[in-house]
Amino acid sequence: MNNCLSFSLADTCSFLKEHDNYIILTHASPDGDTLGSAFALSLALSSLGKNAWVLCPDQIPSKFNYFAKQCGTEPKGNATVISVDVADLKLLGKLMNVYADKIELAIDHHISNSHFAKRLYLDSSAAAACECVYWMIIELGVSITKTMADALFTGIATDTGCFKYSNTTPKTHIIASKLMECGIDAAAINKLMFDTKSRARMEIERMALESAQFYFNDKCCVVCATLNMQQSSGCSEADLEGLSVLSNCVEGVLIGVTMIETEKNTFKISLRAYSPYNASAICAKLGGGGHIAAAGCKITGELPQAKEQILSFIKQHMEEVDAGSDSCK
Ligand SMILES: [Mn+2]
């Protein structure tokens with residue numbers, strides 16, 4: 001949408017104070033950040049005496065139960081619809097058609113946000129949408145409860161890979177320290193989010209590692225999780241989250257590619273890139289988007305052709321970037 005208003009933090013907080021009866025949309029295949037920002041915001045709105053309801057296109061994984069609890073009632077009739085951590089309408093999954101033209105305010109941190117809402121609060125320097133919501137809660141003058149802090153910390157920890165990724169800033173750590181002062185058990189949250197996996201997840205990791213192949217002088221690693229592999233490991237969709245870490249943890253790899261078959265011959269591609277390469281630039285050419293260090297897109301076709309296609313775009317990007325950096329010397 002072209003007439004999307006850019007909102008400052010102050011604009012956003014005025015909007016939140018002026019309206020009521022909120023539906024807060026998360027993206028499909030919900031992660032810690034979209035859920036953390038949605039539930040923390042719903043609690044903050046509720047402490048201002050407002051009604052807020054979190055609506056997720058897919059089932060919420062039970063590991064988030066410690067904070068993902070509704071605090072309001074489902075709005076009937078006129079609701080104020082907000083989205084959090086949603087970069088594009090497509091990411092609303094099965095709720096896309098219902099809410100496409102009804103989103104009053106989007107709160108996001110993706111530089112690729114497609115300006116689909118009527119108003120947009122975008123802070124692309126924030127590591128997580130939960131950072132944005134943290135500043136909103138402060139600006140609204142709401143005191144942060146332990147459950148809000150659990151939710152926000154989870155989103156920040158998960159979107160930064162436990163404070164490891166390059167999106168982690170001094171501000172990220174300052175916010176995390178403030179959240180720790182609210183009495184959360186950060187170690188327990190981190191263990192649950194990063195050091196606990198299902199048996200099926202371990203199986204799918206083993207198979208994905210077996211599929212690993214290296215390209216372009218071993219600077220690029222591709223791992224796959226086909227439908228066959230998913231079925232024989234018994235893994236669920238939630239078990240596939242964060243699988244992309246396998247492709248970029250190898251010494252010398254600057255571009256890691258994870259190909260997850262979501263339906264027959266349709267692959268969800270997760271790209272992780274290290275300097276000087278740009279994951280978002282590669283995925284944009286395939287109709288996707290994201291951040292410089294992490295982006296995604298979708299490719300249809302048989303696995304070998306799909307792989308060939310993503311590899312050809314990676315090769316082109318590497319050549320362009322390598323030529324550019326040479327000419328600067
Ligand atoms: Mn996020």
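Owing to the predicted nature of the structure, the values given are computational and were not obtained by experimental measurement. Each ligand, and each atom within it, is numbered from 1 in the order the structure gives.
For the Mn ion (ligand 1), the set of nearby N, O or S atoms under 2.8 Å includes none belonging to Asp31.
In summary, the side chains of Tyr66 and Thr154 do present a donor paired with an acceptor at a separation below 3.5 Å, with no hydrogens or angles considered. Side-chain polar atoms of His27 and Asp31 form a donor-acceptor pair below 3.5 angstrom.
Trp53 and Leu16 are not part of a single hydrophobic cluster, where members link through side-chain heavy atoms under 4.5 Å apart.
Closest N/O/S atom of Asp33 to the Mn ion (ligand 1): OD2. As for Asp85, its N/O/S atom nearest the Mn ion (ligand 1) is the one called OD1.
Note on ring orientation: taking the six-membered ring where Trp is involved, the planes of Phe153 and Phe163 are tilted (angle from 30° to 60°).
To the nearest 10 degrees, the Mn ion (ligand 1) sees NE2 of His109 and OD2 of Asp159 at an angle of 90°.
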